[in-house]
Structures are given as C-alpha cells and as structure tokens.
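The chains referred to below are lettered A, B, ... by the order of the sequence lines, with proteins before strands, and numbering in each begins at 1.
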Amino acid sequence: MAIRFLNTYTRQLEEFRPLDPAGKSVKLYTCGPTVYNYAHIGNFRAYLFEDLLQRHLQARGYEVNRVMNLTDVDDKTIRGCQAAGLPLAEFTQKFKDAFFEDLKTLRVQPATTFPSATDPVYIARMIEMIAHLVEHGYAYQAEDKSVYFRLNKFPNYGKLAHLNLDELRPSGRISNDEYEKESIGDFALWKAWDAADGDVVWDSPWGKGRPGWHIECSAMSTALLGPEIDIHCGGVDNIFPHHEAEIAQSECCTGHRFVRVWMHCAHLMVEGQKMSKSAGNFYTLRNLLDKGYTGREIRYVLLSVNYRLPLNFTFESLAGARSALSRIDEWVERLTTQAASETNASGHPLAAQMRFEEALDDDLNISAALGVLFDIIRESNRALDQNALTPADARALLNWWNRVNAVLQFQREETAIPQTVLELVEARAAARAAKNWAASDEIRAQIDAAGWVVKDSKEGQKLTRK
RNA sequence: GGCGGGAUAGCCAAGUGGUAAGGCAGAGGUCUGCAAAACCUCUAUUCGCGGGUUCGAUUCCCGCUCCCGCCUCCA
C-alpha cells in the first residue's frame, strides 16, 4: 500500500511520491523554534509529529534530508536580549542549547541541518532573494525604508489557507499598521532599522535593517534543499500568513513550485483549554520533567493522537502513558528472557509487521498502529502464559519490536542496578528461602524506597525501575 | 462575517454501507505466602440532534446544535 498524506494545499489525501527520480530521498523542511525562551509542549507536539513522519519515511526505506530552522532574530529575541542585557547571539545561544537538550529528552531524531537565521550565509541569501524580488517588481521599498512583498503580483496568495483576501475581516493587528505600504496585506521582507532594534542590525542595499521572518524559511529551504521540496511541515497557525508568504517569495524567486505536500499539525490544548500563561496551564518540557514525568512519557502522550486532531494534554493522559509504557516494558522484558537461547534473527511475524506500518502509511494513523502493537502484546503474552511461545517466536517478535521502536522510540532506557539494591535483593532471596515473609516484605519496601520494584516469578526475583 | 477541523463508553481514541479496534481507569476471577506482572470475564443494544436514501447508516445526503482553530509575523 502506498503512503498517503493529507495535503493542506489540496485538502486531499494524496499518494506520496518523492521528487527524487530514484524514489529514494525525501526533502523535508520543518519550521523550527524562535529561540527567545524554552519551548513549550505545544511546540514539541509539532516537532514530535515531524519526528514520527521522518522516522516512518525512513522505516519505509527513504532517506530523509530534513532541515529545521532556528529563528534567532525577530521582535521577541531582540526584546529578550535587551531585557537580559546580553548580545543577541549570546542570548539566543542559551535557548538553542536548551532546545537541543529538549529534543534529546523527547528522543527526537535531529534534523540533517539546523540553520540559524543570523548565519551570514543565510543573511546573504535573504538579501539576494529580496534583491531579485525587487528587481523583478515583486517587491518595493516603502517610505519607511522597509522592503515589502507586492501581494497583487502573486495571485496565488491565499490558496494554501483557502482564504479569499477580499473577504478578510480587518483585525486589530493590521489596523495599527501605519506603514506606507501599497496594499494592506503586503508583508515585510526587510525591516528597516529603528531605535528599538538597538545594535541588532545588518547592512543591505536598502540600508540598515534586519530580515523579515518569512523570508528566512524561503532562503534556507531553497539554499539547502533546492527550489522545490517534497514536504513542508508546521503548526496550523503557520498556514496563514507565514507559509503563504513563503510560497509567494520562493516561487517568485525560483519560478518553481515551492512545496509538493504541506502538512500541518493541530493545536495542543491543556486540560481542555487553550494553553496560556494567564490560564496557568502553560508548560515547557522542563516544567513537566520537574514534576517527575519522563521524556518518553511526554513523547507517548504527544504522539499518541493523530497530528491533525486537536490534542488535549492532561495529567491523566500522562499517568495513562506511564501505565501503557510499563506494559510495553514488561512485554519486552518477557520476550527477551524467552528469546535468550535463540540468536537467529530471522522469522519476522510479517502480517503483524505489515499491519503496523500500513497504519502509519495512512496519513500517520498512530491510533491504529498502536492498536496493532497492543493486540500483538496481548496475544504473545497469552502465548507466553501458556508456554506456547518458542524462543524463536520470541526472537522474531523482538526483531519486529525493534523495527516498531525505531519509529516510536518507546523502549525503556537501560539503567544499571545500584549495588545497594543488588545487596537488598540478595538479602531478600535468603529471607525467602527461609520463608521469612515478614523480612521479605520489609526488604521489598526498602527496594521500593530506593526506586526499584521487585517481583517474584518462577525464575526468582525480577527488578524493574519504578 | 469568511474559511477550516471536530462531536464514538468515566477519560483518550480507531473505524466501516452489514451491525462498534486499542490504551488508561473500574469490577470480578486465575496465578502468588502476600504482592506485582500477565491472562480471562465484565464495563457503548450504541457512535451530538432531527429528517432522508437503503433490506440495512455510526459510516452516504439534507437541516440543526455545540466545541475548537485561523482571518497578516503564535507549533
């Protein structure tokens, strides 16, 4: 079965075919963070959706060349560095580092390239593109010295968002716009310097200033991936105007279609409400880690609902993730024990494997895919209980799990058992041999207090991390 | 006002023109010294509401209600 994605541009489920004539490599651009603060879990929902996309494409044999930009100059970063009394680069570096740490915590596979907007290479590229646009009449410098895109030169503007520009209701934001633009919708490509920018400034053919936000993605995408790419992702809130602007700039510069498939993930809600600082339900990844949740638990919650559906993030769902993950852990543990004597890596349960991957082929239907996984867990646990699962079966299931986990990244990380806990286990074994149940239970409590859970099985005591 | 996305058990959620996957939570049971884990059984006569098409609709059509998002630099 072919991979199919819902393309925002056409609103159709489309069979995925990469540009690459060999059908091997995929060009993927994903809008990254603005590094003025720690990213919040809503941001990470988008990055996890993109991670699932990338990993599934890889599982299907594609090589993914993925770019994720870092916006390290804009109004917020400038305001932030001024408030912190730091140079812009120093201020944003802190949040870039934090962002990469967070991605690691959430087991997000790094992009091939993480270009920064302020990299001189890309500043130069942006200026080059803007110059081209001005030269060909797609852009103009207004009296305020900023350079704007001339919207009426690009009739396709609005097609991605399916908006009719004539019917746009004026909102408060644009009525404040006092600039000398030809048309109210014209957006800035180059923003002329003003006092509020302080020392954040670059030279350009239009005088001192800084790039607009939209041109950044166009410059990086075309510079790193070429004029046309396979997939461009982001949150739904980027559809308009950001991605519309990207299309306009890029296509007017290159003369090519910019993106074949647009994919956008829906917003995250927290406890049924829009996440906002004023509502007190605003969480960065770090806030949740401080509350004792792990990266993979958060990954599970953020990944377990289809990307196109609004996701209601709750603490109940985090608790559910913990239970579901430990169910997976127990299963992997049992399979590993059972497979110990079997080293032959062949013999995949093909039908099951295919059902999992086919579910993801269908516009990343993660719920159906997880359904397949849990069905198999139940079936093989039952077989294990009945002593009907051979070591070869167990090995085959583990091989399958490794493929599944390459996409999901749900496996528990190995942790060394501390010496003190090992000693307690030994002491408990002695107590149990003597049928001293009171002592056995007391030691079990001590092990629990040390952060480990001990279970008694036919093969003896088993330890797992709490 | 325009455009778009939703409404399935206590919660999350899949899905199909033929009678409702899966996860979490809950109840009972098997196993266990007790636990834990695992397994078994149970938990939506029903898929927002009202019509229509059909032998049959949660799934198709029409109308309605409610929720959410976007509408010019928020993933």
Inset, instruction - Report the nucleotide, chosen from G15(B), G33(B), C39(B), that has the shortest atom-to-atom distance to any side-chain atom of Asp456(A). - result: G33(B)
Inset, instruction - Check every atom of A38(B), C12(B), C73(B) against the side chain of Ala188(A) and return the nucleotide holding the closest atom. - result: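 Taking heavy atoms from C-beta onward, the closest nucleotide is C73(B).
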Would you mind classifying the nucleic acid contact of [X] as base, sugar-phosphate or nothing, using non-hydrogen atoms under 4.0 angstrom?
| X | result |
| --- | --- |
| Thr30(A) | nothing |
| His162(A) | sugar-phosphate |
| Ala161(A) | sugar-phosphate |
| Leu384(A) | nothing |
| Arg432(A) | base |

Legend entry - Phosphate OP1/OP2 of G23(B): any Arg327(A) side-chain N/O under 4.0 Å: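 Checking Arg327(A) against G23(B): at least one side-chain N or O falls below 4.0 Å of OP1 or OP2.
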Inset, instruction - Tell me whether the OP1 or OP2 atom of C39(B) has a side-chain N or O from Asn381(A) closer than 4.0 Å. - result: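 True: Asn381(A) side-chain N/O within range (under 4.0 Å) of C39(B) OP1/OP2.
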Inset, instruction - Would you please determine if the base of G22(B) is stacked by Phe374(A), with stacking meaning a centroid separation under 5.5 angstrom and planes under 30 degrees? - result: no
Legend entry - Pair listing, salt bridge (Lys or Arg N to Asp or Glu O under 4.0 Å) test, anchored in residues 314-323 of chain A, at least two apart: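 Residue pairs passing salt bridge (Lys or Arg N to Asp or Glu O under 4.0 Å), neighbours aside: Glu297(A)-Arg322(A).
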Legend entry - Toward the 5' end of RNA chain B, by each residue's nearest nucleotide, Val305(A) or Trp437(A): Val305(A)
